[in-house]
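Below you'll find the structure, written out as structure tokens, and then a few comments.
Model, not experiment: these values are computed from the prediction. Below, chain A is the first sequence line, B the second, and so on; all start at residue 1.
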Amino acid sequence: MNIFRLAGDMTHLASVLVLLLKIHTIKSCAGISLKTQELFAIVFLTRYLDLFTNFISIYNTIMKLIFLGSSFSIVWYIRRHRVVRRSYDKDQDTFRHFFLMWPCLILAIFINEKFTLKEVMWTFSIYLEAIAILPQLVMLQRTRNIDNLTGQYIFLLGAYRAFYILNWIYRYFTEEHYVHWITWVAGVIQTLLYGDFFYYYFQSWKNNVKLELPA
Amino acid sequence: STPSDLKDEL
């Protein structure tokens, strides 16, 4: 474990807590894409298949349970909670996200580190996580009103990925033959997707104006 | 490198 990875995990944890806090306290999911949350739930489901078979550490297990629990409860809140579901704007959340999953699955079948079910599922989760934010970014462009919590949520998600890239650089230089192109390429692509959002987030923060994404 | 060493990441 290194400081970059710990910072990344804590930022990731903060992002899901911010989202849960928003949905649980103000009972609203306005501006939140259910499709992105469903994709994240699938990412954790397919990535943590070895949750009970491959023990890494207490920290690892607890964090996996938190991410699984939080992502599924967010999906439940938006789909099922009698108050929250009313604030879900499905007409704006139109990205065909299941359409995104097939290329990730096919790619995982052809490009992976070991052709076993677990490894293919894990690689699928890496590719899926890279593009899971797309429905949310598309929805933000559409609704254009980004409330603070949603903006912070996306900012934290992007920061978590940026910390992970620093973690990979650190591990590359400190551990013998630590090379994982698949994770690195997918991770860089994922972080770049946030790049555009980061730019406008910082502009709004610097000029102290409300965050607006260009149409 | 064994793929497992990456699996220690979340």
Side-chain angles (χ1 to χ4, degrees), chain A residues 1-2 4-6 8-13 16 43-44 47-51 53-57 59-68 112-116 118-123 125-126 129 160-161 163-165 167-168 170-172 175-184 186-187, chain B:
Chain A
M1 172 61 82
N2 61 66
F4 301 113
R5 186 144 70 91
L6 185 63
D9 290 343
M10 290 306 110
T11 316
H12 191 192
L13 179 63
V16 293
V43 165
F44 294 131
R47 184 172 303 178
Y48 300 154
L49 294 173
D50 60 353
L51 175 61
T53 59
N54 181 10
F55 179 77
I56 306 270
S57 70
Y59 169 82
N60 190 273
T61 304
I62 290 175
M63 292 299 278
K64 283 177 176 176
L65 290 171
I66 291 174
F67 287 139
L68 278 167
N112 52 60
E113 290 192 354
K114 207 168 53 178
F115 191 69
T116 64
K118 232 166 67 170
E119 188 66 26
V120 168
M121 282 290 100
W122 182 84
T123 312
S125 82
I126 292 291
E129 188 191 4
Y160 134 68
R161 291 317 304 182
F163 278 126
Y164 254 71
I165 290 178
N167 154 60
W168 292 327
Y170 177 84
R171 291 188 78 172
Y172 176 77
E175 295 176 28
E176 282 303 303
H177 50 258
Y178 175 82
V179 178
H180 289 283
W181 289 112
I182 292 177
T183 320
W184 296 347
Chain B
S1 73
T2 54
S4 61
D5 73 359
L6 188 77
K7 296 304 179 292
D8 66 355
E9 293 183 349
L10 290 170

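Contact count versus chain B (heavy atoms, under 4.5 Å) is highest, among A:F67, A:F44, A:Y164, for A:Y164.
With a 4.5 Å cut-off on non-hydrogen atoms, A:N60 touches chain B through its backbone and its side chain both.
Within 6.0 Å of the OH atom in A:Y172, the count of heavy atoms belonging to other residues, nucleotides or ligands does not exceed 12.
At a threshold of 4.5 Å between non-hydrogen side-chain atoms, the residues A:R171 and B:E9 count as touching.
Taken from CZ in A:R5 to CG in B:L10, the straight-line distance is 7.0 Å, to the nearest 0.5 Å.
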